[in-house]
Amino acid sequence: MPSQPIHFATTVVATALPLTSQPLPFPLLTGRAGFSGFPSPAQDYEQRTLDLNARLIKHPTQTFYLTATGDSMEGWGIFDGDLLVVDRSVTPRLGHILVAMLDEEVLIKRYALHRGTPHLCSAHPHYPPLPLEGTDCQLWGVVRAVIHEYLP
């Protein structure tokens, strides 16, 4: 079957509104099922807000923020100055990005197997995998989200 071309909808830019301390509304993104009749015209004006705390923090008492430094994780989308949302309640699994203290240094690395043993790995080829066996490693938490700002 030949591939079908992808068509993108035209973007509509609304006029700028004055700054307020009100939460910013965002469009309803979920579909509806099991309704009959016509939708209410008022549904277009239902106010919803984007709450990053509700979206990114699943366990508030076990969550903290950390600012990333360095270039070792750029290949996995974590850049110098990014804000990390770290959850201490998540049990680490292979592939998770962890915040850990290894030999008195706080690191942000991916938990992975390297040659069959657990290592903390960076995404940069100049930083070798760090073996966990025989080290003093303390897990601080699992990175749940990365916030990357485009404007200073």
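If you're wondering where the values come from, they're calculated on a predicted model, not measured in any experiment. Computed from heavy atoms alone, side chains included, the values below leave out hydrogens, waters and symmetry copies.
- Here the CD atom belonging to E74 is positioned 9.0 Å from the CG atom belonging to D82, to the nearest 0.5 angstrom.
- When all heavy atoms are compared, the tightest approach of A100 to C137 is CB-SG, 4.0 Å.
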Q. Should D71 and D80 be marked as a side chain to side chain contact (heavy atoms under 4.5 Å, CB included) after you check the CA-CA gap, both sets of side-chain angles, and the distance that decides it?
A. CA-CA 6 Å; D71 62 354; D80 187 66; over 6 Å; no
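- For the pair T135/L130, no side-chain contact is recorded, criterion being any heavy-atom separation below 4.5 Å from C-beta on.
- Applying the under-4.5 Å side-chain rule to Ile, Leu, Val, Met, Phe, Trp and Tyr, the cluster around F64 extends to L66, M73, W76, I78, L84, V86, I97, V99, M101, V106, I108, W140, V143, V146.
- What you find for R55 and K58 is that their closest heavy atoms are O-NZ, 2.8 Å.
- Taken from CG in L107 to SG in C121, the straight-line distance is 11.5 Å, to the nearest 0.5 Å.
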(Q) Please determine whether side chain to side chain contact (heavy atoms under 4.5 Å, CB included) holds for the pair T117 and H119, giving the CA-CA distance in whole Å, both sets of side-chain angles, and the decisive distance to 0.1 Å. (A) CA-CA 6 Å; T117 61; H119 282 66; 2.8 Å; yes
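- Qualifying side chain to side chain donor-acceptor pair (under 3.5 Å) partners for S89, counting only residues two or more places apart in sequence or in other chains: H59, D87.
- Aromatic ring pairs are classed by plane angle as parallel below 30°, tilted from 30° to 60° and perpendicular above 60°; the pair H124 and H126 is tilted.
- Nearest heavy atoms, E133 versus P118: OE2-CD, 4.2 Å.
- Here the closest non-hydrogen pair linking A145 and L56 is CB-CD2, 3.8 Å.
- The nearest pair of heavy atoms linking R110 to G95 is NE-O, 3.1 Å.
- The two residues V142 and V90 come nearest to each other via the heavy atoms CG2-O, 3.6 Å.
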